[in-house]
Amino acid sequence: MKEKIVLIDGHSILNRAFYGIPALTNSKGIYTNGVYGFLNIMFKLIDEENPQYLAVAFDTSKPTFRHEMFKEYKGTRKPTPKELSSQVPLIKEVLSAMNIFIISKAGLEADDLIGTMAEYSRNKGLDVVIISGDRDLLQLVKDDVKLRIPKTTRNGTTVENYYPDDVIEKYQLKPAQIIDLKSLMGDSADNIPGIPGVGEKTATKILLEYETLEKAYENVDNLKPPKASKSLKENYDLAVLSKKLATINTKADIEFDIENAKLGSMFNENSKEKFVELEFKNLLSRFSFEDEKEKIERKFEHIVTLKALDEFLNEAKKAKEIGTGMAYEKKLYGFSIAFDERNAFIEVNDEIKEDELCEKIKELIIASKSASFMDLKGILKVINLEKFENKYLDLSIGAYLINPIGGSYSYEDLAGIYLNESLESPKELLLKNSIEKTFKEDKKRVLTLTCYQAMTALLAKNIIFEKLKEMEMSDLYFNMEGPLIFVLDAMEKEGMLVKREALKEYGDSLVGRINQLEKSIYEKAGEEFNINSPKQLGVILFEKLQMPNAKKTKTGYSTSADILEKLAGEYPIVNEILEYRTLAKLKSTYADGLANYIGKDERIHSNFNQTITATGRISSTEPNLQNIPIKLELGRLIRKVFVPKDGFIFLDADYSQIELRVLAHMSGDETLIDAYRNSKDIHKATAASVFNIPIEEVTPLQRRNAKAVNFGIIYGMSAFGLGQDLGISNKEAADYIEKYYNAYPKIKMFLDGLVASAREKGYSITMFNRRRPMPELKASNFMQRSFGERTAKNSPIQGSAADIIKIAMIEVYEELKKRNLKSKLILSVHDELLVETALEEVEEVKKILTEKMMGAAKLQVPLEIELETGTNWYEAK
DNA sequence: TGCGTCACG
DNA sequence: ACGTACGTGACGCAT
């Protein structure tokens, strides 16, 4: 069996990877997509080729011989974005850590290095495989030298393979003739000028007849077509130079000892560290965890009897700390508990009944000195812990605080990031089946899943909470997010009473009008089509009906409301479409959508997610109760079906302009602070300052514009965005903004300071130290960077407001509980709290809401709320 | 599964 | 010159 060497064209593969994979950064904002893609390609090919030797060649940053000679052609290359160039040293570091041989030499291009190494290796009797995206290298192909060109697409990597026959098949030419081909046709990417007027077709034809460039010149008068003949004659010097440039040097002066390229221990502590640092979770599985993992898994215990359970729990209670996992899906299948060296799955069965098990686990948790969870709120669904304790460590939330834009915080992600362990995900373990099915068919898989949770919870806890401490977010966890888990759990359990029949009637009431509109739209369009399909609708409006000002999206015409509204005056059909859209939305998302979530208790139990948003807000899903219509009357009517139970009433408390107040506080702007302290109409006051007129003279239009500006400030406004919103020109909008900043110079300073600070630190920060990493600020792409600047301004404001309402929620919840009131907090909508209030407790709860919400934070301006009561949610808002 | 659209703060 | 307000989730369509 012949030995084999793989030679990789470093820059070329990094380039392909970079452009083939969407932008990707680690949590520190370091760009990693090129490196990631490079490694994927490399691993794939190593797996396929199984070489004994491997070398990666890089161009030097200094200009090389060939480039130097043809500076003037360099203009045809796009400058390398710094997102890519920053990854060159990175990939070198990673390769070094993997003990992979890297070669580069001043004055030589990677081509020349590869050519020389290839020649050297085949002379030594090795098979050679070259990996590059550059077709220049085709000239090196021989029976024992294969060129492989990887292509990264969204469906993975495919590779084109070239032996001499393949080259002939594709180019009709032998590999060595590729040099002549390039000499004739040139290659702008490689700065080879070629012969003017000669392209691939002509060049191929010439070479098929005369074999080489030299022979072509011997017969230059006979060349066809005459145009090519003429051009060759006129450009002899260029041809010679081109050939020189196109020829890869296979005898370059390098010291290459093949033993240096011998593949060694790619997967070692050093490289593991690099992979962890770059957060290449998937690639970590390349490290030979298999043995280690099996060892761990063999130690997973499976408890099925009460006797074994009691023995185990007795030991667990002596432990310093425990980690927990749970298999729950509509019902409980079991818990896993990890401590010291033990990790057991306790199965719910005929002997170990659910209630009894929960009771015992609860005792254990209460008795423990430290208990960590992947998802404490989930555990609370089966185990009723009294209240938050500092020893309850929720790792998902901890990891979310460390990096709120990390996406997912499940055990396999955290084990990958914090433990360098590659664990199979639930999807993989359950083979995409339900827990119920897997539990029946292959119980071991459920055991493994749950024990992995417990293991990760136990082992990652110190790392995550040490890190939180370092980042000064311990208080945020222990005083805010931790206690909030119990508040959200309670809200989810309480749910919200919905009048099922009334909701159905509401939905039915829409149907008649929807059908009527549908019919009329078809009539006016002259055909039936799917109004819900933006694609079909676009064609009807902008092609068939020839409406003006068509704006395109990626997939077709834009038919969004703001576009249609501009056409509504002239085309009656557009108004009908807009109304149809409104009604269709109400029907599908709200009337029908919500009905699916009404439980047997006639209540809707939404999920409140604590680890989703980049800014610290809570999100609501299945269903989303934070986007129930209110702006339009017809939609708002839905709120009448949300009602308090018998003997109760809704109390709804709304922070008044909390974000602008936060801005006033954080910026310290006296004018704004003063306006709030004196309870001024803030938009009027803004208008007065901006237009430099007395407050009494502010017109409604001026107020409206000032209000939009105030919103804009919070969003990191651009002139364009404001203009769009107000329907005024870019210039007018820019003028408003300038006037605003002149009136409130401190706010401008403050916002600019936020951007500067975020750029320097790499993250933004709220009043309560909540972070948001901001890798976009370092992007070279204008769009991305501008987005970064806007979020740098918005996140501290939106995030601080979110912090404040979270505090208010905790305080309100705890006060209601402390006083043993029947009234319950059931919903929070960003700046609003809804309490289902017992009739006899109304005054008391009003007081609590007022006091706790206003007192949630001490700002330089008062925090004011608007409090309403109602026998349904419509009335209470 | 991604996109367009639209509901909310 | 870039193409634009910040943060979410659900639905229907088209691939």
Side-chain angles (χ1 to χ4, degrees), chain A residues 22 154-155 404-405 529-538 551-564 577-578 580-594 596-597 606-609 612-632 634-636 638-639 654-655 657-659 663 708-726 730 733-734 737 764 772 779-799 801-802 805 827-832 877:
Chain A
R154 73 160 83 160
N155 300 323
I405 53 178
F529 65 101
N530 190 338
I531 309 169
N532 290 317
S533 162
K535 195 177 161 194
Q536 294 180 37
L537 180 63
K551 227 177 89 181
K552 270 174 281 169
T553 64
K554 264 183 207 168
T555 51
Y557 302 103
S558 171
T559 65
S560 62
D562 53 330
I563 301 275
L564 296 192
I577 290 164
L578 286 167
Y580 174 89
R581 280 240 181 102
T582 306
L583 298 184
K585 177 104 181 175
L586 291 173
K587 179 84 166 77
S588 68
T589 301
Y590 297 103
D592 299 347
L594 288 173
N596 292 327
Y597 292 99
S606 174
N607 294 318
F608 296 103
N609 202 310
I612 293 284
T613 69
T615 54
R617 278 185 173 179
I618 291 158
S619 95
S620 157
T621 58
E622 295 177 89
N624 182 355
L625 290 185
Q626 292 180 326
N627 71 346
I628 305 299
I630 189 163
K631 286 170 184 161
L632 300 175
L634 181 64
R636 190 175 196 153
I638 292 185
R639 293 180 171 236
D654 223 302
Y655 274 117
Q657 295 164 344
I658 186 167
E659 290 180 343
L663 174 67
V709 173
N710 276 330
F711 269 100
I713 295 297
I714 291 166
Y715 295 156
M717 151 166 81
S718 67
F720 183 93
L722 180 66
Q724 283 287 298
D725 189 60
L726 286 177
N730 224 325
I737 294 171
S764 71
R772 168 173 182 176
S780 65
N781 177 293
F782 174 86
M783 258 270 289
Q784 290 175 23
R785 198 172 57 251
S786 305
F787 173 73
E789 285 163 8
R790 293 194 294 271
T791 50
K793 293 173 186 170
N794 172 264
S795 296
I797 300 173
Q798 186 182 124
I805 194 154
L827 185 63
S828 116
V829 193
H830 310 310
D831 64 356
E832 168 191 0
K877 268 291 281 181

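Lettering of chains follows the sequences in order, A, B, ..., and the numbering in each one begins at 1.
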Name the closest nucleotide to the [X] side chain, picking from [options].
X: Pro629(A); options: dA7(B), dC3(B), dT5(B); value: dA7(B)
X: His830(A); options: dT8(C), dG9(B), dT5(B); value: dG9(B)
X: Thr621(A); options: dT5(B), dT8(C), dA10(C); value: dA10(C)
X: Thr555(A); options: dG9(B), dA14(C), dC3(B); value: dC3(B)
X: Glu622(A); options: dC6(C), dA10(C), dC8(B); value: dA10(C)
X: Thr582(A); options: dA7(B), dC3(B), dG7(C); value: dA7(B)
X: Gln536(A); options: dG9(B), dC2(C), dA14(C); value: dA14(C)
X: Asn624(A); options: dG7(C), dG9(C), dA5(C); value: dG9(C)
X: Thr589(A); options: dC6(C), dA10(C), dT5(B); value: dA10(C)
X: Thr615(A); options: dG7(C), dA10(C), dG9(B); value: dG7(C)

No-H, no-angle donor-acceptor pair, Lys585(A) side chain to dC6(B) base, under 3.5 Å: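 Result: at least one qualifying N/O pair found.
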
Donor-acceptor pair under 3.5 Å, Ser619(A) side chain vs dT8(C) base: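 Flag unset: no donor-acceptor pair detected.
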
Would you indicate, yes or no, if [N] has its OP1 or OP2 atom less than 4.0 angstrom from a side-chain nitrogen or oxygen of [X]?
X: Arg617(A); N: dG7(C); result: no
X: Arg581(A); N: dC6(B); result: yes
X: Thr791(A); N: dC6(C); result: no
X: Ser533(A); N: dA14(C); result: yes
X: Ser558(A); N: dT5(B); result: yes

Would you mind classifying the nucleic acid contact of [X] as base, sugar-phosphate or nothing, using non-hydrogen atoms under 4.0 angstrom?
X: Ala802(A); result: nothing
X: Gly716(A); result: nothing
X: Glu659(A); result: nothing
X: Lys793(A); result: nothing
X: Leu722(A); result: base
X: Ile630(A); result: sugar-phosphate
X: Ala801(A); result: nothing
X: Leu586(A); result: nothing
X: Ala733(A); result: nothing
X: Ser795(A); result: nothing
X: Arg772(A); result: sugar-phosphate
X: Ser588(A); result: sugar-phosphate
X: Asn781(A); result: nothing

Pair Asp654(A)-Asp831(A), side-chain contact (heavy atoms from CB on, under 4.5 Å): steps then yes or no: CA-CA 6 Å; Asp654(A) 223 302; Asp831(A) 64 356; 3.6 Å; yes

Test side-chain contact (heavy atoms from CB on, under 4.5 Å) applied to Arg581(A) and Thr559(A), step by step: CA-CA 11 Å; Arg581(A) 280 240 181 102; Thr559(A) 65; 2.7 Å; yes

N/O donor-acceptor pair under 3.5 Å between Ser558(A) side chain and Lys552(A) backbone: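 It does not hold such a pair.
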
Donor-acceptor contact below 3.5 Å, side chain Asn609(A) vs main chain Ser620(A):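 Checked: no pair found.
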
Whole angstroms only, please: what is the [atom1]-[atom2] distance between [X] and [N]?
X: Ile405(A); N: dG7(C); atom1: CD1; atom2: C1'; value: 14 Å
X: Met717(A); N: dT4(C); atom1: CE; atom2: P; value: 18 Å
X: Asn794(A); N: dT4(C); atom1: CG; atom2: P; value: 18 Å
X: Ile531(A); N: dG4(B); atom1: CD1; atom2: P; value: 20 Å
X: Arg785(A); N: dG3(C); atom1: CZ; atom2: P; value: 13 Å
X: Ile563(A); N: dT5(B); atom1: CD1; atom2: P; value: 8 Å
X: Phe711(A); N: dG9(B); atom1: CZ; atom2: C1'; value: 8 Å
X: Leu537(A); N: dG4(B); atom1: CG; atom2: C1'; value: 11 Å

Separation of Ile630(A) CD1 from Arg639(A) CZ (nearest 0.5 Å):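 Nearest 0.5 Å value for the CZ-CD1 distance: 4.0 Å.
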
Spatial distance of atom CD (Glu789(A)) from atom CZ (Phe782(A)) [nearest 0.5 Å]: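 One finds 8.0 Å between CD of Glu789(A) and CZ of Phe782(A).
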
Residues, nucleotides or ligands: over 12 heavy atoms within 6.0 Å of Phe529(A) CZ: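 Yes, the 6.0 Å shell around CZ holds more than 12 heavy atoms from other groups.
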
Any strand: nucleotide that pairs with dA1(C) via Watson-Crick or wobble, under 3.5 Å: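 Base partner found: none.
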
dG12(C) - base-pair partner by Watson-Crick or wobble geometry, distances under 3.5 Å: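 Base-paired to dC3(B).
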
side-chain contact (heavy atoms from CB on, under 4.5 Å) evaluation trace for Tyr715(A) with Arg790(A): CA-CA 6 Å; Tyr715(A) 295 156; Arg790(A) 293 194 294 271; over 6 Å; no

Nearest-Å distance once atom P is located in both dA5(C) and dT5(B):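 Rounded to whole Å, the distance is 13 Å.
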
Test side-chain contact (heavy atoms from CB on, under 4.5 Å) applied to Val709(A) and Leu722(A), step by step: CA-CA 7 Å; Val709(A) 173; Leu722(A) 180 66; 4.0 Å; yes

